[in-house]
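Worth knowing before you read on, the calculation uses all heavy atoms, side chains too, and leaves out hydrogens, waters and symmetry mates.
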Amino acid sequence: MKKLVLILILCPILTWGQANGSQDITGVWRVNASSWNEDTKQYADCEMIKFITNSRWASIFYWPKTKKFAGTGGGTYEWKDGVYVETCEYFTWDPSAVGTQQSFKMSIENESLIQEGRLNTDKFKYPYYAVYERLDKLSWVYKNQKSTQGVWGLTSGTMGAERLDQEKIQEKYGSVVKIITPNFFISTFFDKQKRTMNGVTFGTYSIDRDGKYQETIRCWSWDDQSMVGTQPSFDWELPEENNFHQKGYLNSETYTDYLIDEHYKRLEPLSYKTKIWTSADQKSLLKELKRTKNEMIAATESLTDEQWHFKPDANSWNIGQVVEHMGIYERLYYQEGGAALRNTEPMPKISDQILGDETYLAWMAENQPHFAPKHAVPSGYMKGKANLDYFIYGRNLLEDMVRTTDKDLKSHFVPRKSEPKGFHSIHGLLVVHYGHTDRHLRQIERIKAHADYPQSKSVKGK
C-alpha cells in the first residue's frame, strides 16, 4: 500500500492555462486506472481523490465500503525550467517524503488527466502511469459571488470546549488547511516542520435553501469512523472577501453537540473565471439572432397581402400568424430573461448540469410537430407586414439586451420543469429562440411550396 499511496499522492499538477496551451487541470480528480508495480490489484477497492488548485494539491486514499482511512498527502507546486515540480508538505506513510520534489508529464486526453513519469524517493523508485477522471472544476467561481470556495487556513476556532488561537493551533497541529471546491471539501491538519500528519476530513457539501453549509463526511481519520456518512450543518459568512467563518455542531455515536466554530483566512487568491458566458458566446449568440432576423425579413418583406394571409388548410397558420407567433416570443423572452438578469443571483455552480446548445438546436431541428402554448398562439388580428414590424421590434430588444449586458447569461437561470435540473440559462433560452426562428422559417418555406400558394404577379417584360 505504501508504494501505491506515495505515488498517487505525489503526482504533479499544472497551472491552469499554462500547461499544454490552455488545458485546465485544476479541480477534483479520481484515479480510474493506473500501473506501477506488481501490487496493483490489492488496491482495486480503494478510492483515491486528488484536489488541484492554482497553487496547492491534496490527496486522500480510503476504502468506501469499510469507511476506513488509508492515507493522505499534500503540499504546493511550482514550475522549474518548463517542468512541473510538486513539493510534499505532509505524507502519512513515510515522513521522510516531506520536502521531496517529484516531476512528471501531464496531459488531458478525451477529458481524462494522464500522468506519466518515474517516482524517485529514497524508498520508492519505479515508473508510474495513471488516468484520472475529473469530478469537479474550480472555474465556476463568479466574481463578487459570496462563496465558500477557496483555499483557507485556520486562524482561530473552538473545537468542542477547546478554544484555539493562532499560537495554540501552531502548537497542536502546525497548519490547518481547508480546500473547498464547488462540490467537495478536504480539511488537513499537519506540521511540515515536525513531518507529522494530525488528521484529515473529506467529503461533499451543499448550500441548502436556508443558506446552511452542509457537509457529508466520506472519510474521517480521527478517532473512529462514526462520523462517516453524517451531515453536519454550519452557519457561514464571509465578513470580508479573504475571511471565512463557519459554526455548527458534530453529532455521531462519538460526538454529541460538539461545537465547531472556525475562522479562516484565504491562502490562495481567487483567480478563476469571472464569467462562464464568454465574449465568444456573446458574439455567437448575437450573430445567430441577427442572422435569423435577417432571414425572416428576406422571407416576408416582399409578400403580397394575399400571400401573407394564405392558409394551406383550415387548421394551419398563415405566414402572418407564424411571424406574429415569433413576435410574441420576442417579448416573452425579453421580459423573462431581463427579469432574471435583474432580480436573481448568479448560480454558476449548476452551469455544467444543464443541457448544451447542441441539444436545444437538435430539438428545434427535428421534424416532429410542436404545439404552441395558449399564451403564444397568434391572434391573426394584425395584417400583412405589421406582423413583421412586430417581430423586428421585439428581436431588436433582445439583441440590445445581449449586446449591452454585463451579466453572465450562463449563470442566470429561469425555471423550466422540462429541464433535467429544472433550470434554463438565459443563454440557453436564446439559443432555443434562434433555433425556434429557424424552425418557423422552414414552416414559411413549406407554406410557399404549397400548390395553391398565391404567386406574385409577373414582372412586365419577363
Side-chain angles (χ1 to χ4, degrees), residues 5 8-9 27-30 46-53 56-75 89-93 135-136 148-160 162 164 169 172-192 196-207 212-236 244-265 267-268:
V5 178
L8 294 179
I9 291 179
V28 180
W29 298 88
R30 175 172 59 200
C46 292
E47 183 158 272
M48 180 271 176
I49 303 294
K50 186 174 185 72
F51 288 69
I52 299 176
T53 77
R56 299 191 66 87
W57 59 278
S59 296
I60 189 164
F61 196 65
Y62 68 104
W63 283 273
K65 291 183 179 179
T66 62
K67 302 180 181 180
K68 289 185 177 180
F69 165 72
T72 186
E89 291 186 336
Y90 57 93
F91 181 58
T92 52
W93 291 271
L135 301 181
D136 211 1
T148 59
Q149 295 176 56
V151 180
W152 306 96
L154 185 67
T155 57
S156 64
T158 299
M159 301 176 187
E162 184 179 19
L164 302 172
I169 291 171
K172 186 170 185 177
Y173 301 113
S175 299
V176 180
V177 176
K178 184 165 189 170
I179 299 174
I180 306 177
T181 72
N183 294 288
F184 294 83
F185 77 92
I186 186 169
S187 296
T188 53
F189 298 68
F190 64 94
D191 190 325
K192 64 181 179 181
T196 58
M197 181 67 206
N198 301 300
V200 61
T201 305
F202 159 74
T204 59
Y205 79 95
S206 63
I207 306 294
K212 294 278 190 178
Y213 166 79
Q214 186 177 63
E215 297 180 343
T216 299
I217 309 298
R218 288 192 178 184
C219 184
W220 177 270
S221 73
W222 303 92
D223 40 26
D224 59 20
Q225 283 79 49
S226 69
M227 280 298 299
V228 177
T230 63
Q231 296 182 308
S233 185
F234 301 89
D235 292 316
W236 65 280
F244 170 54
H245 173 219
Q246 69 176 84
K247 181 179 180 180
Y249 296 89
L250 303 184
N251 283 283
S252 69
E253 294 176 1
T254 303
Y255 300 95
T256 301
D257 293 333
Y258 185 89
L259 177 63
I260 298 293
D261 188 354
E262 298 173 326
H263 293 265
Y264 292 86
K265 67 177 180 180
L267 299 181
E268 177 183 289

Between [X] and [Y], is any pair of side-chain heavy atoms under 4.5 Å apart?
X: Asn198; Y: Tyr90; answer: no
X: Trp222; Y: Phe189; answer: yes
X: Gln149; Y: Pro182; answer: yes

- [ ] Return yes if a side-chain donor-acceptor contact under 3.5 Å exists between Thr216 and Gln231, otherwise no.
- [x]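 Short answer, yes.
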So, does [X] use its side chain to make a donor-acceptor pair with the main chain of [Y] at under 3.5 Å?
X: Thr181; Y: Gly27; value: no
X: Ser59; Y: Gly73; value: no
X: Asp261; Y: Thr158; value: no
X: Asp136; Y: Val28; value: no

Which atoms form the tightest heavy-atom contact between [X] and [Y], and what is the distance?
X: Glu47; Y: Arg218; result: OE2-NH1, 4.3 Å
X: Cys219; Y: Ile60; result: SG-CD1, 3.7 Å
X: Lys265; Y: Thr155; result: CG-CG2, 3.7 Å
X: Met227; Y: Ile217; result: O-CB, 3.4 Å
X: Phe234; Y: Gly248; result: CD2-N, 3.4 Å

Output all residues satisfying side-chain contact (heavy atoms from CB on, under 4.5 Å) with [X], sequence neighbours left out; order by chain, then residue number.
X: Ile180; value: Thr148, Trp152, Lys178, Phe185, Tyr205, Tyr213, Phe244
X: Thr254; value: Asp223, Asp224, Ser226, Ser252
X: Tyr249; value: Asn251, Asp257, Leu259
X: Ser221; value: Phe69, Val200

- [ ] Assign the ring pair Phe91 / Trp93 to parallel, tilted or perpendicular, where the plane angle (0 to 90°) is split at 30° and 60°.
- [x]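 Rings of Phe91 and Trp93: tilted, 30 to 60°.
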Open item on the list: Students often mix this up, so state it plainly: with edges at 30° and 60°, are the rings of Phe202 and Tyr62 parallel, tilted or perpendicular?
Closed with: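 Answer is tilted, since the angle falls between 30° and 60°.
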How far does [atom1] of [X] sit from [atom2] of [Y], to the nearest 0.5 angstrom?
X: Asp235; Y: Gln246; atom1: CG; atom2: CD; result: 10.5 Å
X: Thr230; Y: Gln225; atom1: OG1; atom2: CD; result: 12.0 Å
X: Met48; Y: Arg30; atom1: CE; atom2: CZ; result: 12.0 Å
X: Thr204; Y: Asn183; atom1: OG1; atom2: CG; result: 8.0 Å
X: Leu250; Y: Glu215; atom1: CG; atom2: CD; result: 8.5 Å
X: Glu89; Y: Phe190; atom1: CD; atom2: CZ; result: 4.5 Å

Task: For Ser175, side chain to side chain donor-acceptor pair (under 3.5 Å) partners two or more places apart - done: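 By the side chain to side chain donor-acceptor pair (under 3.5 Å) rule, Ser175 matches no residue at all.
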TODO: Identify, with sequence neighbours excluded, every residue that meets side chain to side chain donor-acceptor pair (under 3.5 Å) alongside Lys247.
DONE: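 So Lys247 forms no side chain to side chain donor-acceptor pair (under 3.5 Å) with any residue.
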Task: From CA spacing to verdict: side-chain contact (heavy atoms from CB on, under 4.5 Å), Thr188, Arg56 - done: CA-CA 12 Å; Thr188 53; Arg56 299 191 66 87; over 6 Å; no
